[in-house]
Amino acid sequence: MQDYNFSNDFFRNIDAMIYTCGYENCEKGHSYGPILRNGYLIHYVLGGCGIYKARGKLFRLGEGDAFLICPGELIYYEADAHDPWSYTWIGMQGIKVKGYLERTSLPDRLTVHYGQDDQIRLCHEKMFEADKLPQNRDLIMNSIMYEYLFLLARKFPGSQASPDEKKSGYVEQALKYIEGYYCDPITIQDIADHLNINRSYLHRIFKSFTGFSVQGYLLDYRLRQACILLKDTDLSVRIIAHSTGYTDPLYFSRIFSRKMGISPSTYRKNKQVRS
């Protein structure tokens with residue numbers, strides 16, 4: 001039986017979340033790659049030194065430096081043969097992460113120097129400690145993530161506004177509208193009307209910035225919320241359907257079954273068995 005959980009590809013369009021963090025004290029010459037990663041990772045060098053290769057460039061890094069790994073880009077890094085580095089890392093995924101990082105200079109530069117900025121350094125420590133918590137770990141880790149992104153944007157601001165900034169703003173507003181009104185039977189036209197832009201234009205820019213169609217994102221967002229309600233509440237499928245924008249519970253069940261491969265009631269039963 002397949003285990004349906006929040007790590008499945010179905011949930012890859014979540015807004016922003018921490019998916020990995022950790023610490024490593026490397027052996028001499030320890031290397032990683034060449035490899036592609038599926039999320040954004042920022043490594044912060046605590047001590048020692050090493051090299052990082054990305055986009056055809058080689059960076060020699062040491063204590064206080066940080067380097068960014070972008071999804072889908074071939075990277076390689078290696079600890080020094082005499083003074084190997086130790087580092088912590090924070091990995092982020094979600095359709096908003098790219099936009100958040102573009103508020104900083106990291107996507108262009110790939111490496112930065114934290115220097116004596118204790119606030120940024122502390123975020124790595126707090127993230128590592130939060131990852132050990134037995135309960136509500138995601139809440140504190142994501143709160144640290146947003147603090148971390150804010151500090152990075154303040155210390156390493158991106159370049160001046162690009163021509164795409166207005167388009168990005170429309171996408172951000174569309175995402176917020178979906179988050180606020182997914183429980184109502186909203187349509188793509190409603191979102192376009194709210195933004196006062198053409199529906200076709202909204203589709204093009206949304207797809208360009210997120211990789212998803214507006215319709216596809218709205219569907220997945222609603223079903224993601226439905227999964228949470230099925231797992232964490234005793235509400236009937238009818239109420240859950242209405243609470244996620246579906247006026248017809250039978251239609252909701254068909255959509256859920258087609259997307260998830262199992263019915264809402266079976267999804268709930270499987271989750272309760274594993275709890």
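Using a 4.0 Å cut-off between a side-chain N of Lys or Arg and a carboxylate O of Asp or Glu, Glu179 and Lys96 qualify as a salt bridge. No salt bridge links Glu78 with Lys53; every basic N to acidic carboxylate O contact stays at or beyond 4.0 Å. A salt bridge links Lys259 with Asp220; the closest basic N to acidic carboxylate O contact falls under 4.0 Å.
Contact of the Phe206 side chain with the Gln215 side chain is not registered, since no non-hydrogen atoms from C-beta on lie closer than 4.5 Å. For the pair Leu68/Tyr52, no side-chain contact is recorded, criterion being any heavy-atom separation below 4.5 Å from C-beta on. Using a 4.5 Å cut-off on side-chain heavy atoms (C-beta onward), Ile42 and Met92 make contact. Under the 4.5 Å side-chain criterion, counting only non-hydrogen atoms from C-beta, Ile18 is in contact with Met127. For the pair Glu172 and Phe209, the minimum side-chain heavy-atom distance is 4.5 Å or more. At a threshold of 4.5 Å between non-hydrogen side-chain atoms, the residues Asp80 and Trp85 do not count as touching. No side-chain heavy atom of Asp83 sits under 4.5 Å from any side-chain heavy atom of Glu63. At least one side-chain heavy atom of Tyr100 sits less than 4.5 Å from a side-chain heavy atom of Tyr146.
Crowding of Lys57 atom NZ: a count of heavy atoms from other residues, nucleotides or ligands under 6.0 Å not exceeding 12. Annotation for Gln135: atom CD does not count as buried by contact number, only 12 or fewer foreign heavy atoms lying within 6.0 Å.
The distance from the CD1 atom of Ile228 to the CD1 atom of Ile240 is 11.0 Å, given to the nearest 0.5 Å. Interatomic distance, NZ of Lys176 versus CG of Leu195, reported as 11.5 Å (0.5 Å rounding). With rounding to the nearest 0.5 Å, the separation of CZ in Arg103 from CG in Leu152 is 12.5 Å. Interatomic distance, OG of Ser200 versus CD1 of Ile205, reported as 11.5 Å (0.5 Å rounding). One distance of note links CG of Leu202 with CD1 of Ile188; it measures 7.0 Å at 0.5 Å rounding. Within the model, atoms CD of Glu73 and CD1 of Ile35 stand 14.0 Å from one another, a figure rounded to the nearest 0.5 Å.
There is no side-chain donor-acceptor pair under 3.5 Å between Tyr23 and His124. Of the N and O atoms on the side chains of His43 and Tyr77, at least one donor lies less than 3.5 Å from an acceptor on the other residue.
Neither Val112 nor Leu110 shares a network with the other; the hydrophobic side chains, linked directly or stepwise wherever heavy atoms of I, L, V, M, F, W or Y lie under 4.5 Å apart, form separate groups for each. Leu61 and Phe156 are assigned to two separate hydrophobic clusters, defined by single-linkage of ILVMFWY side chains at heavy-atom distances under 4.5 Å. If you chain together hydrophobic residues whose side chains sit under 4.5 Å apart, Ile262 and Leu219 fall into the same group.
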Please determine whether side-chain contact (heavy atoms from CB on, under 4.5 Å) holds for the pair Ser263 and Ser257, giving the CA-CA distance in whole Å, both sets of side-chain angles, and the decisive distance to 0.1 Å. CA-CA 5 Å; Ser263 68; Ser257 298; 3.9 Å; yes
Take Lys155 and Gln119, measure what side-chain contact (heavy atoms from CB on, under 4.5 Å) needs, and give me the verdict at the end. CA-CA 11 Å; Lys155 187 174 181 66; Gln119 285 183 293; over 6 Å; no
For the pair Tyr267 and Phe256, evaluate ring pair (Phe, Tyr, Trp, His ring centres under 6.0 Å) and give the outcome as yes or no after the intermediate values. CA-CA 10 Å; Tyr267 179 92; Phe256 189 98; 5.7 Å; yes
Could you please spell out the steps behind the side-chain contact (heavy atoms from CB on, under 4.5 Å) verdict for His203 and Ser213? CA-CA 6 Å; His203 173 79; Ser213 68; 3.8 Å; yes
Kindly indicate, with the supporting measurements, whether the criterion side-chain contact (heavy atoms from CB on, under 4.5 Å) is fulfilled by Leu41 and Tyr19. CA-CA 10 Å; Leu41 292 98; Tyr19 79 96; 3.1 Å; yes
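Ring centroids of Tyr44 and Tyr114 are separated by less than 6.0 Å, placing the two rings close together. The aromatic ring centres of Phe252 and His242 sit 6.0 Å or more apart. For an aromatic pair to be called close, the ring centres must be under 6.0 Å apart, and Tyr181 with His194 fails this.
Under a 3.5 Å cut-off, the side chain of Asp65 and the backbone N or O of Gly62 do form a donor-acceptor pair. A donor-acceptor contact shorter than 3.5 Å is absent between the side chain of Ser208 and the backbone of Arg204. Judged by distance alone, the side chain of Asp190 and the main-chain N or O of Thr187 form a donor-acceptor pair under 3.5 Å. Counting only distance, with no hydrogens or angles, the side chain of Arg268 and the backbone of Thr233 share a donor-acceptor pair below 3.5 Å. Not a single donor-acceptor pair under 3.5 Å links the side chain of Asn136 to the backbone N or O of Leu139. At least one donor-acceptor pair under 3.5 Å links the side chain of Thr104 to the backbone N or O of Leu101.
The aromatic rings of Tyr251 and Tyr246 are tilted relative to each other, their planes meeting at an angle between 30° and 60°.
Among all heavy-atom pairs drawn from Thr244 and Ala226, the shortest one is CG2-N, 3.8 Å. Of all the heavy atoms in Leu74 and Leu36, the pair that sits closest is N-CD2, 3.2 Å.
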